[in-house]
Amino acid sequence: MAIVSREASFQLTVKEVSVSFGGIKAIQDVSLGVRPGQIYSIIGPNGAGKTTLFNCISGIYHADHGSILFDGVELIGMKPHKITQLGIGRAFQNIELFKGMTVLDNLMSARSFHMSYGLLRAAFYLGSCMAQEAQNRDLVEDVIEFLDLQHVRKTPVMSLSYGMQKRVELARALAMEPKILLVDEPVSGMNLEEREDMARYLIDINEEKGVTVVLIEHDMGLVMDLSETVTVLNFGMKIAEGTPGEISENPEVIKAYLGEVHT
Amino acid sequence: MGRKFKTSYQQDSALFQNLWVKSWLAIAIVVLCVLPFVLKPYELSIMNGIGIAVIGALGLNLLTGYTGQISLCHGALVGIGAYSTALLSANLGLHFLVSLPLSGLMAAALGLIVGVPSLRLKGLYLALGTLAFGFIFEYVILHWNLTQGEMGLAVPRIQFASFVVETERHFYFLILITAALATLAAKNIARSKIGRCFVAICDRDIAAEAMGISLTKYKIMAFGISAFYAGLAGCLLAHYQQWIVPGNFDLMLSISYIAMIIMGGLGTVLGSILGAGLITLIPHGIVYLTDAFKDVWPGLSGLIVSFKLGVFGLVIVGTLLFEPRGLFGIYQRIKVYWKTWPFKY
């Protein structure tokens with residue numbers, strides 16, 4: 001009984017999900033649960049299946065079996081854009097911004113599913129089209145302010161620095177007003193200052209906006225400082241879950257990261 | 001005192017941002033309205049050709065330039081517009097104002113069907129798929145009794161009450177108004193959420209999907225809009241030529257539309273207009289040049305046909321090599337140059 005109520009309190013539940021590509025089993029029977037308002041981290045060595053798991057949640061890959069529930073809705077078999085519209089935002093690891101567009105347009109494009117006007121209104125830019133554009137622009141401006149992007153608002157993303165592009169990537173995911181945000185390696189390849197900024201933004205997103213954050217990250221310092229719960233994957237299998245303190249002392253995890261001690 | 005600051009989001013996304021742009025637009029409108037009274041009928045016919053090409057090129061640019069979906073059947077869709085209006089106005093006696101949108105919608109309906117393979121195919125494979133549609137269209141037009149095959153169809157004149165549109169000048173204004181509306185609509189679509197979704201799909205389709213953009217919906221929509229524009233261009237072309245044959249709408253037409261948007265600038269509205277102008281002018285320019293050298297080199301006019309294709313190809317290769325962003329790129333560079341003149345940066 002206790003277990004049932006525990007499960008019910010999860011916002012995102014991954015239950016025994018497996019994915020394989022040909023003969024390679026990328027993920028095997030991984031289960032985890034994310035509670036609303038958490039910062040939840042997934043760590044693991046390269047090729048452990050972290051990003052694959054994200055791709056399963058956002059519908060880009062199809063899980064072979066298992067189930068992924070978001071607020072009680074089964075995500076497996078759903079189209080990616082439908083999943084996003086439920087409130088699952090995604091910031092990609094390798095920057096996947098719309099290169100030709102300005103920062104502003106990138107963020108606005110993440111709001112398209114919040115706008116309901118049709119083609120005819122758009123062609124004449126009248127009525128609800130104009131109103132909704134302005135209204136959504138206002139919300140996008142909030143995100144721009146939140147992540148300090150004011151000065152690059154009208155700059156094409158191509159011409160921004162790597163660290164800045166990562167921030168725009170996060171901003172675009174945030175502009176969707178997600179309930180839960182999947183962030184894939186937000187600080188990889190960044191310098192110390194940029195990392196600190198990014199950590200601050202993630203905390204702000206979590207605390208001020210009340211967005212649940214699921215984080216994949218290799219930077220252990222960041223993971224241990226930010227997250228409430230950490231899950232460790234290795235070769236597609238979950239080897240540990242717990243608070244940062246528990247994880248850093250877990251012998252399985254140490255083995256996965258540092259190798260076995262030969263005596 | 002003029003307003004120095006934008007105080008609303010509407011102002012920031014306005015089409016005509018400042019007095020400078022507005023005054024140039026006003027000058028352009030005046031020039032375009034005065035032109036038919038200055039130009040000779042031959043020159044005016046070139047302008048009409050450009051106007052029709054602009055409408056078609058805008059459509060293709062929304063599809064290929066913005067959404068990144070290549071289409072080799074744009075010419076066939078123009079043909080569908082042309083044959084639709086020919087059949088509708090000759091057989092059913094529909095008025096031009098009814099048959100114009102109807103031929104657009106007819107082309108759009110078939111364009112939607114062409115769009116379905118785009119959900120699965122990309123790049124070269126999509127090009128081949130659309131190419132096949134073009135050939136099917138040609139086959140049907142040649143063999144269907146209704147369309148009279150090689151003989152072609154006569155297209156009735158356009159009539160508004162007792163006023164008959166027959167001279168070049170009448171057509172000029174008709175085409176100008178349609179092209180202006182088409183441009184305005186394209187510009188609006190481009191700056192709305194639909195335009196952003198198109199560009200998002202072009203730039204990174206997986207990310208677009210992860211941003212909640214339905215690929216199915218917007219790809220199909222892009223094909224539909226593009227075909228609608230093609231249909232409008234075809235309808236005007238049919239009434240303007242008064243006689244249409246299948247040869248008008250072969251692969252060459254599709255390719256010249258692609259040339260227009262590449263040379264004008266992919267993904268820009270202004271580029272479509274510039275490109276349409278250039279591609280339509282090239283053959284006339286060659287004729288003009290060979291005419292000028294008639295006395296010096298009489299044999300030249302005999303070479304004109306092979307000359308035409310050669311120059312056409314040369315200009316395209318040159319554009320791709322030296323200015324891949326097309327005429328729009330050149331325009332932007334000139335703009336930047338004059339903004340900072342006489343300083344280099």
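Throughout, a chain's letter reflects where its sequence line sits, starting with A, and its residues are numbered from 1. Worth knowing before you read on, the calculation uses all heavy atoms, side chains too, and leaves out hydrogens, waters and symmetry mates. What you are looking at is a predicted structure, and each value in this text was computed from that prediction instead of being measured.
Per-residue heavy-atom pair counts under 4.5 Å with chain A were compared for B:E209, B:M221, B:R191, and the maximum is reached by B:R191. Between chain A and the options B:A185, B:S192, B:G212, B:A207, heavy-atom pairs under 4.5 Å are most frequent for B:G212. For chain B, the option among A:F92, A:F113, A:F124, A:Y117 with the highest count of heavy-atom pairs below 4.5 Å is A:Y117. When the candidates A:E96, A:M130, A:R111 are compared by the number of heavy-atom contacts under 4.5 Å with chain B, A:E96 comes out ahead. Options A:Q135, A:M108, A:K79, A:K99 differ in how many heavy-atom pairs under 4.5 Å they form with chain B, and the most are formed by A:M108. When A:S58, A:S112, A:G59 are compared by the number of non-hydrogen pairs under 4.5 Å with chain B, A:S112 comes out ahead.
Ion pairing between a basic and an acidic side chain is recognised when a charged N comes within 4.0 Å of a carboxylate O; B:R196 and A:E133 show such pairing. A:D148 and A:R167 are not joined by a salt bridge, as no carboxylate oxygen comes within less than 4.0 angstrom of a charged side-chain nitrogen. Comment: A:R137 engages A:E141 in a salt bridge, judged by a side-chain N to carboxylate O separation of less than 4.0 angstrom.
For chain A, the nearby part of B:L184 is the backbone; its heavy atoms alone come within less than 4.5 Å. Within the 4.5 angstrom heavy-atom criterion, atoms from both the backbone and the side chain of B:A208 approach chain A. Residue contact with chain B, scored on non-hydrogen atoms closer than 4.5 Å, involves the backbone and the side chain of A:L119 alike. Neither the backbone nor the side chain of B:L181 comes within contact range of chain A, judged by heavy atoms closer than 4.5 Å. Interface residue A:M115: backbone and side-chain heavy atoms are both found under 4.5 Å from chain B. Looking at A:I95, only its backbone comes within 4.5 Å of chain B, counting heavy atoms on both sides. In this structure, the portions of A:D138 lying under 4.5 Å from any heavy atom of chain B include both its backbone and its side chain.
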- Item | side chain to side chain contact (heavy atoms under 4.5 Å, CB included) evaluation trace for A:V214 with A:L181 | CA-CA 6 Å; A:V214 183; A:L181 194 57; over 6 Å; no

- Could you please spell out the steps behind the side chain to side chain contact (heavy atoms under 4.5 Å, CB included) verdict for A:I144 and A:V140? CA-CA 6 Å; A:I144 288 178; A:V140 161; 4.0 Å; yes

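Side chain to side chain, A:S227 and A:Y40 fail the donor-acceptor criterion of an N or O pair below 3.5 Å.
Taking the ring axis of A:F98 as reference, the NZ or CZ atom of A:R172 stays within 45° of it and closer than 6.0 Å to the ring centre.
A:K15 NZ to A:L32 CG: the interatomic distance, rounded to the nearest 0.5 Å, is 12.0 Å.
For the pair B:L236 and B:L174, the tightest heavy-atom approach, listed with the atom from each and the gap, is CD2-CD2, 4.2 Å.
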